[in-house]
Amino acid sequence: MDRAAVLQKTQEYVHNKLTNQGAGHDWWHIYRVQKLALYLAKKEGADSWIVQLGALLHDIADWKFHEEEEAGPQVARSWLETWSVPESSIDHVCEIVRDISFKGAGVPTPMATLEGKVVQDADRLDALGAIGIARTFEYGGYKGQPTYDPHLSPQFHKTFEQYKTKRSTSINHFYEKLLRLKDLMNTPSAQAIAQQRHTFMEQFLEQFFLEWTAYDDEAP
Ligand code: NI
């Protein structure tokens, strides 16, 4: 099967699998990441086929919804084997799926190849800006977390274990993760987009706290 057909089949497969998935990891997240990754691949000179396969499969079995951290790469591998994709390409895509997740502010997650860096940038960019804000509250609701609690301060996780298990709020998530992503972009093209989305989130937080602290003189 040629490359375009594998891409097409993978698109249909992921669409069917994630179409009813909520919590900010639905099909439309994949759709946005795929087109953003393709844009970045062209800008940065990465292999756009590998990049798109990586983008399509990167959340196929996310650790946030599955116990097993290796589930994603395994699902991706058996899917690509179905279409007789060359072994080296399968390895490349599965490496991207395995390495892409953010695992806490103090936990480094380096990507080995340019294609991996591009997919990781696209995924992180979709966590920023207006869409990032919307996804944060959607995910917080799914986890049963409060929007904000002045008694819970942001925490910076040194291990993946801490990041996975700690209780937090959606507003804290901006400080624990989202506002740090701008400086973690791998490619210059992504940095430029991140800066604009970052500024928008800062404006949102400023307004949020302006409203939260308003009329404090009248507090009971
Ligand atoms: Ni993602």
Side-chain angles (χ1 to χ4, degrees), residues 2-19 21 23-64 72-73 75-77 79-80 83 85-86 88-103 108-136 139 177-178 180-198 200-201:
D2 69 19
R3 289 184 145 208
V6 172
L7 208 51
Q8 182 63 35
K9 287 277 176 206
T10 306
Q11 219 156 302
E12 289 164 14
Y13 167 68
V14 177
H15 179 263
N16 286 339
K17 229 177 139 138
L18 296 187
T19 201
Q21 175 82 261
H25 285 75
D26 57 4
W27 162 251
W28 292 111
H29 165 62
I30 306 299
Y31 166 85
R32 293 187 303 265
V33 171
Q34 185 187 358
K35 63 188 173 118
L36 193 46
L38 182 57
Y39 168 82
L40 294 174
K42 287 178 184 167
K43 281 270 190 192
E44 300 291 332
D47 181 327
S48 60
W49 188 66
I50 294 286
V51 160
Q52 287 183 91
L53 285 179
L56 283 168
L57 292 165
H58 85 274
D59 276 335
I60 199 70
D62 196 283
W63 64 260
K64 291 185 215 70
V75 173
R77 178 170 298 278
W79 167 254
L80 294 173
W83 304 105
V85 170
S88 62
S89 298
I90 296 183
D91 287 346
H92 195 166
V93 172
C94 290
E95 182 187 83
I96 293 173
V97 174
R98 189 192 66 214
D99 291 346
I100 196 166
S101 276
F102 183 91
K103 298 187 169 70
T109 46
M111 300 300 284
T113 64
L114 178 61
E115 286 70 26
K117 290 180 204 297
V118 160
V119 178
Q120 188 176 50
D121 279 354
D123 189 36
R124 287 176 168 175
L125 283 172
D126 200 53
L128 302 183
I131 287 174
I133 293 169
R135 290 179 67 213
T136 298
Y139 184 68
K177 175 177 173 183
L178 304 184
R180 305 162 78 92
L181 290 180
K182 169 177 74 72
D183 296 327
L184 294 175
M185 292 295 149
N186 300 300
T187 64
S189 320
Q191 270 154 20
I193 303 170
Q195 183 56 59
Q196 191 268 337
R197 296 184 181 190
H198 180 92
F200 183 80
M201 291 192 302

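- Using a 4.5 Å heavy-atom threshold, the side chains of Arg135 and Ile131 count as touching.
- Checked against side chain to side chain contact (heavy atoms under 4.5 Å, CB included), Glu44 has the following partners two or more places apart in sequence or in another chain: Leu114, Val118, Thr187, Pro188, Ser189.
- In plain terms, the two heavy atoms of Met111 and Lys117 that are nearest each other are O-NZ, 3.2 Å.
- A search for side chain to side chain contact (heavy atoms under 4.5 Å, CB included) contacts involving Asp2 returns Ala4, Ala5, not counting sequence neighbours.
- Side-chain atoms of His58 come within 3.5 Å of backbone atoms of Ala55 as a donor-acceptor pair (strictly under, hydrogens ignored).
- Formation of a donor-acceptor pair under 3.5 Å by the Gln34 side chain with backbone atoms of Leu56 is not found in this model.
- Looking at Asp121, its side chain does come within 3.5 Å of a backbone N or O of Asn186 through a donor-acceptor pair.
- Judged purely by atom type and a 3.5 angstrom limit, Asp123 has no side-chain atom pairing as donor or acceptor with the backbone of Asp126.
- For Phe200, there are no ring-ring contact (aromatic ring centres under 6.0 Å, His included) partners two or more places apart in sequence or in a different chain.
- A parallel orientation is assigned to the rings of Tyr13 and Trp79, their planes being inclined by less than 30° (bins at 30° and 60°).
- Across Val97 and Ala76, no two heavy atoms sit closer than the pair CG2-CB, 4.3 Å.
- Looking only at atom types and distance, the side chain of Gln8 has a donor-acceptor partner in the side chain of Glu12 under 3.5 Å away.
- His92 and Asp47 share no donor-acceptor pair across their side chains, judged by distance under 3.5 Å alone.
- Taking all atoms of both residues into account, the shortest heavy-atom contact from Ala127 to Leu181 is CB-CD1, 4.0 Å.
- With hydrogens and angles ignored, the 3.5 Å screen pairs no side-chain donor or acceptor of Ser89 with any backbone N or O of Val85.
- Not a single salt bridge (charged side-chain N to carboxylate O under 4.0 Å, His left out) links Arg197 to another residue, sequence neighbours left out.
- Here Trp49 pairs with nothing under the ring-ring contact (aromatic ring centres under 6.0 Å, His included) rule; sequence neighbours left out.
- The backbone N or O of Ser48 sits less than 3.5 Å from a side-chain atom of Gln52, completing a donor-acceptor pair.
- Applying the ring-ring contact (aromatic ring centres under 6.0 Å, His included) rule to Tyr31 yields the partners Trp28; only residues at least two apart in sequence or on another chain are considered.
- When all heavy atoms of Asp91 and Arg77 are compared, the closest pair comes out as OD1-NH2, 3.0 Å.
- Among all heavy-atom pairs drawn from Leu38 and Val51, the shortest one is N-CG1, 4.4 Å.
- With Lys182 contributing its side chain and Ala194 its backbone, the two residues share no donor-acceptor pair below 3.5 Å.
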